[in-house]
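Data first, discussion second: the structure below is written as structure tokens.
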Amino acid sequence: MADSAANDMRLTRPLALAAGAVLASCGVPGEGAGLESEGPVVSLRPYVPPPAAPPSASIGERVLERANALWWIDGSLRTLREDDENRIPVSEVDATGWRPARITIRPGVPPSWLNLRYFSGLNERGIPASDIPDFEYECSSGGPCRYAVGNDELIVDIEASIVRPGVFVLEAEYVSAEKEHNAADVGHFSCSWAIRVN
């Protein structure tokens, strides 16, 4: 059940990549890169249960619409997205006014993985014309995309040097080790937001 739901949660082409790949384990992608291991990669980050509901994101006082979410709701794993890719919500911002380039995610539960993708080629509807991003970054405590935990919120800062016209997709993955979820063979949740910069 989890595998089919995870596949279904991906945004239909060409935003399929925007929804992100499913976590294959409790390890955090990018950690321990280049190290050989005979067993599974285990994250040393302390486990924190995922939020009870899909998180919200905002730029200043403006709440961003979710492009997609895969979440445990009312006792089952549900996919929250538009079936028609042309109706997937994309929030718009002005490049010159987005200073600092900051996104606030609430509540401030640290995700197991936070990823930023950028697409420059857009079709006539203003959505990515290709599945392949121009660039992508795993957001961490440093680098072009970084985050810090604040007062029950996650502050995501994007370096001004990479902010340009096009579509940015921010995706958060949350690993779950809760008994109720694991009993249903569910190991993670996901949520994403698409931002078109003019």
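These numbers come from a predicted model, not from an experiment.
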Spell out, as yes or no, whether a donor-acceptor pair under 3.5 Å connects the side chain of Ser112 to the backbone of Val175.
yes

Can you name the side chain to side chain donor-acceptor pair (under 3.5 Å) partners of Asp152, sequence neighbours left out?
none

Treating Asn182 as the side-chain partner and Asp185 as the backbone partner, does any N or O pair qualify as donor plus acceptor under 3.5 Å?
no

Set of residues satisfying salt bridge (Lys or Arg N to Asp or Glu O under 4.0 Å) with respect to Glu159, sequence neighbours excluded:
Arg146

Could I get the full list of ring-ring contact (aromatic ring centres under 6.0 Å, His included) partners for Tyr118, not counting sequence neighbours?
Phe135, Phe168

Pair listing, salt bridge (Lys or Arg N to Asp or Glu O under 4.0 Å) test, anchored in residues 62-76, at least two apart:
none

Could you check whether any side-chain N or O of Asp94 sits under 3.5 Å from a backbone N or O of Trp98, counting only pairs where one atom can act as donor and the other as acceptor?
no

Listed partners of Glu92 passing salt bridge (Lys or Arg N to Asp or Glu O under 4.0 Å), at least two apart:
Arg196

CG (Leu70) and NE2 (His188) are apart, to the nearest 0.5 Å, by 5.5 Å

Quick check for you: to the nearest 0.5 Å, what is the distance between Ser192 atom OG and Leu64 atom CG?
11.5 Å

Would you mind writing out the side-chain donor-acceptor pairs for residues 101-111 within the sub-3.5 Å range, not counting sequence neighbours?
unit_1: Arg102; atom_1: NE; unit_2: Asp157; atom_2: OD1; d: 2.7
unit_1: Arg102; atom_1: NH2; unit_2: Asp157; atom_2: OD1; d: 3.3
unit_1: Arg102; atom_1: NH2; unit_2: Asp157; atom_2: OD2; d: 3.3
unit_1: Arg106; atom_1: NE; unit_2: Glu153; atom_2: OE1; d: 3.1
unit_1: Arg106; atom_1: NH1; unit_2: Ser58; atom_2: OG; d: 3.4
unit_1: Arg106; atom_1: NH2; unit_2: Glu153; atom_2: OE1; d: 2.9

So, the side chain of Tyr47 versus the backbone of Ala177: is there a donor-acceptor pair under 3.5 Å, distance only?
yes

